There are 2 protein chains.
Amino acid sequence: MTQSAVKFDQSIDQPSPSTAKRDAIVKAAAQVFLEHGYGAASMDQIAQKAGVSKQTIYSHFGAKDALFEAIVHSKCAALTGRGVSSPDESKSLEDVLYDTASSFLTVILAPESVTLYRTILSECVRFPELASAFYRSGPRSACDRLGAFLASIEDNESVEFKDPVASAEMYFAMLRGDLYMQCILSLREMPNDNEVAAYAREVTDTFLDAHRISGNN
Amino acid sequence: MTQSAVKFDQSIDQPSPSTAKRDAIVKAAAQVFLEHGYGAASMDQIAQKAGVSKQTIYSHFGAKDALFEAIVHSKCAALTGRGVSSPDESKSLEDVLYDTASSFLTVILAPESVTLYRTILSECVRFPELASAFYRSGPRSACDRLGAFLASIEDNESVEFKDPVASAEMYFAMLRGDLYMQCILSLREMPNDNEVAAYAREVTDTFLDAHRISGNN
DNA sequence: GTCTATAAAAGGATAGAC
DNA sequence: GTCTATCCTTTTATAGAC
């Protein structure tokens with residue numbers, strides 16, 4: 001691992017003269033890294049798929065780990081905000097929750113998200129910054145946004161959230177249920193829209209039941 | 001990948017004459033595989049840590065993938081039943097749930113479980129059988145056992161479970177919340193007993209609130 | 001069964017020409 | 001900036017002696 005692995009941000013989007021080759025490298029590297037993981041991915045394979053020579057890759061990114069970090073960081077950055085509906089005040093709480101659930105499930109069950117998650121998880125010890133960036137861009141971002149929305153619900157209905165962020169975390173945890181587990185383990189095909197909708201409904205109903213003021217929470 | 005990779009079960013526990021070396025290999029391989037993953041783990045490293053030559057490993061297991069499968073399968077088998085309290089009928093539902101939550105969290109947050117989960121996830125495409133074995137021994141086993149217990153709760157209290165297995169899945173999903181996410185991403189130290197107890201309590205309370213008959217579920 | 005030594009291949013990284 | 005050709009290390013797997 002070289003020290004140049006830190007300069008990922010200026011490597012990924014600068015208006016360089018030859019952006020074409022660079023983009024091809026990024027695209028190819030993303031495919032290879034996410035499909036095979038960091039260790040099993042080879043620079044030869046990336047170079048071949050990108051249609052460039054290996055040396056061109058090294059000229060742009062310096063080393064394998066730097067390229068990997070650049071790829072994963074850009075994928076994480078693309079994750080921010082996705083999977084969480086904007087806090088539309090005109091909608092009912094139930095609708096907001098259901099929409100959030102649907103879009104969140106759609107995002108985390110996308111094949112690219114699944115492979116990204118697997119890759120980061122398997123390399124989180126070697127690349128702690130990537131794990132942190134993923135967490136902040138993905139789960140943490142989603143929880144904070146939904147938590148802020150739940151905190152804005154006060155006199156609204158027959159529900160209450162004493163700890164909005166904790167409730168949001170619980171909500172997303174419920175969404176990462178058995179369906180998600182089977183998908184990330186590659187034990188079944190990705191669910192279609194109907195299955196996603198059904199599970200989003202189930203989780204939303206359960207979540208709302210748990211936070212009715214008739215309960216003790 | 002060789003065809004001999006299938007014979008994992010008879011490789012892991014047969015009363016061979018020289019069980020000492022074999023056990024040393026298994027122990028060393030488990031450490032190396034779970035720490036570095038399949039790709040980054042080298043047979044040389046395993047041989048050195050086991051105190052045997054590489055050829056001895058190949059004599060016993062044939063190939064790297066067969067050794068890997070043997071190790072992971074044994075680790076998965078050791079998972080069955082753990083993390084789920086036995087359905088003690090003398091205890092209250094709340095106590096059973098809380099005990100289940102505590103022991104489940106303790107198991108899945110154990111460093112060995114975390115590394116096993118990471119390893120299987122990163123290799124689930126190359127080794128589909130391992131992913132399936134893990135799922136059956138771990139999450140599925142836990143859900144089925146708790147689901148059966150929840151199904152036995154009928155006239156008991158002020159709660160009801162229309163779909164016991166689905167409720168059990170939801171319960172374990174709630175337990176795999178933000179705390180678990182941060183731990184498997186290696187973003188924080190493993191929680192102590194107090195933190196585990198507090199989260200087990202929070203999940204149990206929320207779960208019970210969601211299934212009160214006053215609710216719509 | 002177990003060891004040492006080695007084959008055979010793959011992969012990360014670099015040199016030098018254009 | 002980009003390419004071809006090459007170096008060097010690592011790693012899986014095997015051959016043959018004891």
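Please read these numbers as outputs of a predicted model, since none were measured by experiment. Naming: A, B, ... by sequence-line order, numbering from 1 per chain.
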- Note on the structure: B/Q48 atom CD is separated from C/dT4 atom C1', nearest whole Å, by 15 Å
- CG of B/D65 versus P of D/dT12: gap in Å, rounded? 11 Å
- Pair A/Q182, A/D178: side-chain N/O donor-acceptor within cut-off below 3.5 Å: yes
- Using the closest heavy atom to pick a nucleotide of DNA chain D for each, name whichever of A/V52 or B/K54 lands nearer the 5' end. A/V52
- State whether A/S59 places a side-chain N or O below 4.0 Å from either non-bridging phosphate oxygen (OP1 or OP2) of D/dT2. no
- Item | Spacing between A/I57 atom CD1 and C/dG11 atom P, to the nearest angstrom | 13 Å
- Task: Report the distance from atom OH of A/Y58 to atom P of C/dG16, rounded to the nearest whole Å.
- Result: 18 Å
- With ring pair (Phe, Tyr, Trp, His ring centres under 6.0 Å) as the test, would you mind laying out the steps for B/F207 and B/F161 before giving the verdict? CA-CA 11 Å; B/F207 182 76; B/F161 302 97; 5.8 Å; yes
- Message: Using a heavy-atom cut-off of 4.0 Å across all strands, would you classify A/S53 as base, sugar-phosphate, or nothing?
- Response: base
- Item | Euclidean distance, atom CE of residue A/M43 to atom P of D/dT10 [Å, nearest integer] | 18 Å
- Item | Lys/Arg-Asp/Glu bridge criterion (N-O < 4.0 Å) met for B/E195, B/R188 | yes
- Parallel under 30°, tilted from 30 to 60°, perpendicular over 60°: which one fits the rings of B/Y38 and B/F33? parallel
- Task: Quick one: label B/A41 by what it contacts on the DNA or RNA (base, sugar-phosphate, nothing), any heavy atom closer than 4.0 Å.
- Result: sugar-phosphate
- Query: Picking from C/dG12, D/dT14, D/dT11, which would you name as closest to the side chain of B/D44?
  - Reply: D/dT11
- Task: For A/A47, answer base if it contacts any base atom (sugar-phosphate contacts may also be present), sugar-phosphate if it contacts only those atoms, and nothing otherwise; contact means non-hydrogen atoms under 4.0 Å.
- Result: nothing
- Query: For A/S42 and C/dA10, is the shortest distance between a side-chain N/O and OP1 or OP2 below 4.0 Å?
  - Reply: no
- Can you tell me the distance, in whole Å, between the CZ atom of A/F61 and the P atom of C/dT14? 16 Å
- Message: Expressed as a whole number of angstroms, how long is the span from A/H60:NE2 to C/dA13:P?
- Response: 17 Å
- Task: Return the value, rounded to whole Å, for the distance between atom CD1 of B/I46 and atom P of C/dT2.
- Result: 17 Å
- Taking atom types as modelled and ignoring hydrogens, do the side chains of B/T100 and B/Y171 form a donor-acceptor contact shorter than 3.5 angstrom? no
- Is A/K21 near enough to D/dC3 that one of its side-chain N or O atoms lies under 4.0 angstrom from OP1 or OP2? yes
- Message: So if I take every side-chain heavy atom of B/Q55 and compare against D/dA13, C/dT14, C/dC3, which nucleotide ends up nearest?
- Response: C/dC3
